[in-house]
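Data first, discussion second: the structure below is written as structure tokens.
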There are 2 protein chains.
Amino acid sequence: MAFYKGQETYSVDSKGRLNIPAKMRRALSPEALNTFVLTRGSDRCVAAYPLDEWRRYELEYAKLNQYDEQSRFFLRTVLAWSEEVELDGQQRIMVPKKYLDFAGIDGKVMIVGMIDHIELWQPEEFEIYLSKSEASYEQVASQVMQRPNGQ
Amino acid sequence: MAFYKGQETYSVDSKGRLNIPAKMRRALSPEALNTFVLTRGSDRCVAAYPLDEWRRYELEYAKLNQYDEQSRFFLRTVLAWSEEVELDGQQRIMVPKKYLDFAGIDGKVMIVGMIDHIELWQPEEFEIYLSKSEASYEQVASQVMQRPNGQ
DNA sequence: AAAATTGTGGGTAAAAGTGGGGACTGTGAA
DNA sequence: TTCACAGTCCCCACTTTTACCCACAATTTT
């Protein structure tokens, strides 16, 4: 499987349409049916999962017992902020306004590859996010990746 | 299989008619015969099951031991509050007043996709519901989904 | 250099969401 | 029995949103 990576600055037009970078589009498997599922990301961004990836999560959700109060709360929270969008003839998706608002996006978007999904950020917001960690990249990396490459 | 998801604010007109969002309508299988079964949801909302899904629940209900007092109570409550409604020419359903009253709905409705059914909420009520959980979303998520993606 | 792909914008027909009139039905009161 | 009334259902109509098409400059590939 191809993982999403890289960052590109793209624009959302007045109709809310957003072009998906060609490189990232190539990582879309045919099973995704040219469809992404938008959802609220961790931190202030919009996450877009290819449909086939999203289905794997959904199957887990479907197993939850809806008669359990906590499960219901979890499902409603996740699902209320999920929506399928399909690529149009120009390989663009329509991003509903409420998602743009959530991430503070207006006009320009930073599209970031994130392994199994892509993220949409307000460009300055993303810069700030990268720069504001007190710990350095090297410090965090050594904590997160104890034994890279499975060795 | 397509699961219900997303949230949309729609309106119930003076005749009690409610349009079903197109995206959710597309998740309706032909076996549902354009019919939903309304019932009381868990928490203060109205649940609408596609007819074919509802039949599966009915099979479960049929297995309950009617000599058990709690089972009887559960069955009577659920069944007394169940009613079939069919989509009209404009893809709307007629929501009887008692359901609107139960959920406190008047004019505007928040329609929420919930895996195998959709829920109708009074919009503010839903906002409050999402925001007032004592535990944070992250806490609940980690409790509910111990092993996300089945890994 | 030519050809194909990519990123962006806009016009227009179709679909979606909303509202209302009028016929039909069944109920209860006169 | 007849009438008034409420509740449905079936059309029609209007506005907004979305989907689909075409266009074009910039970039990449051949």
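Everything numeric in this text was worked out from a predicted model, so none of it was measured. In what follows, chains are A, B, ... by sequence order, proteins preceding strands, each numbered from 1.
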Rounded to whole Å, please give me the gap between [atom1] in [X] and [atom2] in [N].
X: Glu8(B); N: dA15(C); atom1: CD; atom2: P; value: 19 Å
X: Arg25(B); N: dT18(D); atom1: CZ; atom2: C1'; value: 13 Å
X: Glu86(A); N: dA19(D); atom1: CD; atom2: P; value: 9 Å
X: Ile93(B); N: dT8(D); atom1: CD1; atom2: P; value: 13 Å
X: Met24(A); N: dT6(C); atom1: CE; atom2: C1'; value: 15 Å
X: Lys15(B); N: dC11(D); atom1: NZ; atom2: C1'; value: 10 Å
X: Met94(B); N: dC9(D); atom1: CE; atom2: C1'; value: 10 Å
X: Asp88(B); N: dC11(D); atom1: CG; atom2: P; value: 11 Å

- prompt: Pick the nucleotide of DNA chain D nearest each of Gln90(A) and Gln90(B); which residue has the one closer to the 5' end?
  reply: Gln90(B)
field: Listed nucleotide nearest any side-chain atom of Asn19(A), set dA16(C), dG19(C), dT8(C)
entry: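 Nearest to the side-chain atoms of Asn19(A), counting from C-beta on, is dT8(C).
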- prompt: Out of dT18(C), dA16(C), dT8(C), which has the shortest distance to the side chain of Tyr10(A)?
  reply: dT8(C)
message: Over all strands shown, is Ile20(B) touching base, sugar-phosphate only, or nothing at heavy-atom distances under 4.0 angstrom?
response: sugar-phosphate
- request: Please work out if Gln91(A) contacts a base, only the sugar-phosphate, or nothing of the nucleic acid, heavy-atom cut-off 4.0 Å.
  value: nothing
query: Counting only side-chain N and O atoms of Arg92(B), is one of them less than 4.0 Å from OP1 or OP2 of dG20(C)?
result: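 For Arg92(B), the contact criterion (side-chain N or O under 4.0 Å from OP1 or OP2 of dG20(C)) is not met.
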message: Would you say Ser11(B) places a side-chain N or O within less than 4.0 Å of OP1 or OP2 belonging to dG19(C)?
response: yes
- request: Compute the centroid of each ring, for Trp81(A) and then for Tyr99(A), and state whether the two points are separated by less than 6.0 Å.
  value: yes
task: Would you please indicate yes or no on a ring centroid separation below 6.0 angstrom for Tyr61(A) and Phe3(B)?
output: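 No - the distance between ring centres of Phe3(B) and Tyr61(A) does not fall below the 6.0 Å cut-off.
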- prompt: If we only count heavy atoms from C-beta on, is the Lys23(B) to Val85(A) side-chain gap below 4.5 Å?
  reply: yes
- request: Answer with yes or no whether Arg17(A) presents, from its side chain, a donor or acceptor under 3.5 Å of a partner atom in the base of dG7(C).
  value: no
query: So does Lys97(B) reach the base of dG7(D) with its side chain, donor to acceptor, closer than 3.5 Å?
result: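 Between dG7(D) and Lys97(B), which were checked side chain against base, a qualifying N/O pair under 3.5 Å is absent.
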- request: On DNA chain C, check which nucleotide each of Ser14(B) and Pro21(B) is closest to and give me the residue with the more 5' one.
  value: Pro21(B)
- request: Indicate, with yes or no, if Leu18(A) and Phe102(A) share a hydrophobic cluster defined by side-chain heavy-atom contacts under 4.5 Å among Ile, Leu, Val, Met, Phe, Trp and Tyr.
  value: yes
- prompt: Does a side-chain N-to-carboxylate-O contact under 4.0 Å join Arg56(B) and Asp116(B)?
  reply: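 No.
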